[in-house]
Amino acid sequence: MRYIENIAIFPRQEGTGIIKRHRIEGPPDLVVEILSPSTSRNDKVCKKRNYERFGVPEYWVVDPVHRFIDQFDAEDGKYALYGTYSAGGLLNSPRFSCMNVHMDELFARLLPDD
């Protein structure tokens, strides 16, 4: 299956062997999917299952409507929910120590709920 991720993050140094001249051969270290009503089930079920199967170590599902992120981390080849983050939260990645997502800042530009 082929998917277009909303965001895929590849390693800078470790694992750079997957980056070829005209393509990337292998999984990214992190995939971030941003839900929309038309793709929600596909992102949360089908894509998640396939990213797990192909060895993507970390997977985030961003829900801009409800303003939260589910963060999944692969443990022994299976995703486990690492955390759910919402207003006031700070998401930290177990693989990217420099990555901190302030939930209030992330969702600040969204229109207020009606």
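Residues passing the side chain to side chain donor-acceptor pair (under 3.5 Å) test with Thr84 are Asp70, sequence neighbours excluded. Applying the ring-ring contact (aromatic ring centres under 6.0 Å, His included) test to Tyr79 and every residue at least two apart in sequence or in another chain returns Tyr59. With sequence neighbours left out, Arg53 forms a side chain to side chain donor-acceptor pair (under 3.5 Å) with Asn50. Among residues two or more places apart in sequence or in another chain, the side chain to side chain donor-acceptor pair (under 3.5 Å) test is passed with Asp43 by Thr39, Lys47.
Between the NZ atom in Lys44 and the CZ atom in Phe72 there is a gap of 9.0 Å [rounded to 0.5 Å].
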Residue pair Val65, Leu35: steps toward the side-chain contact (heavy atoms from CB on, under 4.5 Å) verdict: CA-CA 8 Å; Val65 173; Leu35 300 181; over 6 Å; no

Show the numbers, then the answer: is there a side-chain contact (heavy atoms from CB on, under 4.5 Å) between Glu33 and Tyr51? CA-CA 11 Å; Glu33 290 290 348; Tyr51 293 145; 2.9 Å; yes

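With hydrophobic clusters built from ILVMFWY side chains whose heavy atoms lie under 4.5 angstrom apart, Ile34 shares a cluster with Leu30. Side-chain heavy atoms closer than 4.5 Å link hydrophobic residues (I, L, V, M, F, W, Y) into clusters, and following such links, possibly through other members, connects Val31 to Leu81. Linking ILVMFWY residues whenever their side-chain heavy atoms come closer than 4.5 Å, directly or via other members, leaves Ile69 and Leu90 in distinct clusters. Tracing side-chain contacts under 4.5 Å through hydrophobic residues (I, L, V, M, F, W, Y), one never reaches Met99 starting from Phe68; they form parts of separate clusters.
Side-chain contact check for Val101 versus Tyr85: every heavy-atom pair is 4.5 Å or farther apart. In this structure, the side chains of Gln71 and Leu91 come closer than 4.5 Å at one or more pairs of heavy atoms.
Counted by atom type alone, Tyr82 and Glu58 present zero donor-acceptor pairs between their side chains at under 3.5 Å.
Nearest approach of Pro27 to Gly55, heavy atoms of both residues: CG-O, 3.7 Å. The minimum heavy-atom distance between Ser97 and Asn100, with the atom names listed, is O-ND2, 4.4 Å. Taking both residues in full, the closest heavy atoms of Pro28 and Pro57 are given as O-CD, 3.4 Å, listed atom of the first, atom of the second, then distance.
Sorted by first and then second residue, the salt bridge (charged side-chain N to carboxylate O under 4.0 Å, His left out) pairs with a member in residues 73-83 read Asp73-Arg95; sequence neighbours excluded.
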